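Note that this is a predicted model, so its numbers are computed, not measured. All chains are named by letter (A, B, ...) in the order of the sequence lines, taking the proteins before the strands, and each is independently numbered beginning at 1.
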There are 2 protein chains.
Amino acid sequence: MEKLGLRERKKQRTRQALIEAAVRLFQDRGYDQVTVAEIADAAEVSPRTYFLHFQTKEDVLLADTDVRVDLALEAIAERDAGERLPDVLVRATDQMIVNAWDRDLSSGLAALRARLAASEPALQARLLQRYLTAQAELARALQRAYPDRLDAVLAAALVGAMVGAVSASALTSLQRGDGPDEVRNAMRQAMALVARSIA
Amino acid sequence: MEKLGLRERKKQRTRQALIEAAVRLFQDRGYDQVTVAEIADAAEVSPRTYFLHFQTKEDVLLADTDVRVDLALEAIAERDAGERLPDVLVRATDQMIVNAWDRDLSSGLAALRARLAASEPALQARLLQRYLTAQAELARALQRAYPDRLDAVLAAALVGAMVGAVSASALTSLQRGDGPDEVRNAMRQAMALVARSIA
DNA sequence: ATGAATCGCTACAGTGACTGCATCGAATGA
DNA sequence: TCATTCGATGCAGTCACTGTAGCGATTCAT
């Protein structure tokens, strides 16, 4: 399945080295005490190369989060014929929660992000921007799935409520020092809360 | 009431000149085609002075939005003894919607922001960050108002759902070219939608 | 009214994120 | 084997943003 050529494998290795270097440096010294040049140095590439892999300094901490959105979009696309709107939204949201647990919560990456974002406005901002982009995509997909029940604004409101509730509760849970499982439970409770409002 | 000294009045005039220069330049040429130096030039102050009034290039477009949050916080503080949680949240949210209409929607400022933010990630990000800060404050206030019914995470979920739904629907409405009144109606509908889920 | 303290503004020098461009050399494909 | 592709590099440049020192106009105390 993974038919990657040598060139592509090298590229991924560089990317991974950058991510690991960044996470390590950020953990040790905090976000704004680390320059992109230092990250590149630690990964043994040139500073210019960093920006071939990531658009901004913040992005290295948000690598691979797009995958989550794709999962949710798939969940919407693969709905059963008669499946109810709330059920589809819950299924899509739960996909994202499960993936978040797998990739970011259990490894402590989510906690690191939350900690750094709390003290770094630029990082916080970039993180939220990802959410909004994701929201817009989800809202569009949801509206296409239920064109007779939803217009664009209502779809945006539903998705906005869902993502807003889940992410705010996750952030609050992380900030009070909860462990991965507690955070996930908080997210699921928020999801259920919003799901009720749709029915 | 307005006992402002000469010095303070001059300061406000400078601030206002910066805001107006920025809005005009952004309208004419788009966000990233305008430098802070040019804004300062147009307002006839030094570039350094710009940063005495605004923390970032984006902030000049978000001036005075904190007032809205304060209104909502007041609304929570001034609740009646027996007032229900959903009613308080709706009242607080409506305060923000009304103020948004008064200050930003009717003047077209909100539309400008939405247009610029659509093409400028940094601006979009900063805007969202404001929302999150506001959310956190509101959630804390709400939890203090109903300490027996809400814990921190649930309060965050409620406020997150409300702010998420209202702002997402407003943005979508703005993006499809709706006028001020339509945008406000979209926000109110989203608010009502979320309010139902609490009861 | 006068001297002192405050404070908004300015100039200057610097840091660091990010970009465009020309180039090199290793991988790839014919 | 030769040509093409493409990830990585160096370099020069732009621009957001900051620290610092100083100027001059308001404000305040006497």
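- The listed nucleotides are C/dT10, D/dA8, C/dA26; the one nearest the side chain of A/Thr49 is D/dA8.
- Straight-line distance from the CD atom of B/Gln33 to the C1' atom of D/dA16: 15 Å, rounded to whole Å.
- The residue among A/Arg7 and A/Thr14 whose nearest nucleotide of DNA chain D lies closer to the 5′ end is A/Arg7.
- Across the protein-nucleic acid pair, A/Leu4 atom CG and D/dG7 atom P stand 12 Å apart, rounded to whole Å.
- What separates NZ of A/Lys57 from P of C/dT19 is a distance of 15 Å, to the nearest Å.
- Distance, B/Glu8 CD to C/dC9 P: 10 Å, rounded to whole Å.
- Summarising the geometry, the separation between CD on B/Gln12 and P on D/dT26 is reported as 16 Å, rounded to the nearest angstrom.
- Taking only side-chain atoms of A/Lys10, from C-beta outward, the nucleotide of C/dA26, D/dA8, D/dC15 with the closest atom is C/dA26.
- A distance-only check finds a donor-acceptor pair linking the side chain of A/Glu182 to the backbone of A/Gly179 [under 3.5 Å].
- When each of D/dA8, C/dT28, C/dT19 is scored by its nearest atom to the side-chain atoms of A/Leu6, the top-ranked nucleotide is C/dT28.
- The residues B/Arg84 and B/Asp87 are annotated as not salt-bridged, no charged nitrogen and carboxylate oxygen being separated by less than 4.0 angstrom.
- Of the side-chain N and O atoms in B/His53, one or more sit less than 4.0 angstrom from OP1 or OP2 of C/dC9.
- A donor and an acceptor atom sit less than 3.5 Å apart, one in the side chain of B/Arg48 and one in the base of D/dG19.
- Between B/Leu52 atom CG and D/dT20 atom P there is a gap of 14 Å when expressed in whole angstrom units.
- Comparing atom distances between the B/Ser46 side chain and each of C/dA11, D/dT27, C/dC18 picks out C/dA11 as nearest.
- Salt bridge status for B/Arg103 with B/Asp64: absent, with no side-chain N to carboxylate O gap under 4.0 Å.
- Mapping B/Arg9 and B/Val36 onto DNA chain D via the closest heavy atom, the residue that lands nearer the 5' end is B/Val36.
- Set against D/dA16, C/dC9, C/dT19, the side chain of A/Phe51 has C/dT19 as its closest nucleotide.
- Per the geometry, OH belonging to B/Tyr50 stands 7 Å off P belonging to D/dC17, to the nearest Å.
- The distance from atom CD1 of A/Ile39 to atom P of C/dG16 is 13 Å, rounded to the nearest whole Å.
- Ion pair B/Asp104/B/Arg68 flagged as a salt bridge, since at least one NZ, NE, NH1 or NH2 atom sits closer than 4.0 Å to an Asp/Glu carboxylate oxygen.
- Looking at the side chain of B/Thr56, the nearest of the listed nucleotides D/dC17, C/dC9, C/dA26 is D/dC17.
- Figure legend: B/Lys57 and B/Tyr50 shown without cation-pi pairing, the cationic atom not lying both under 6.0 angstrom from the six-membered ring centre and within 45 degrees of its axis.
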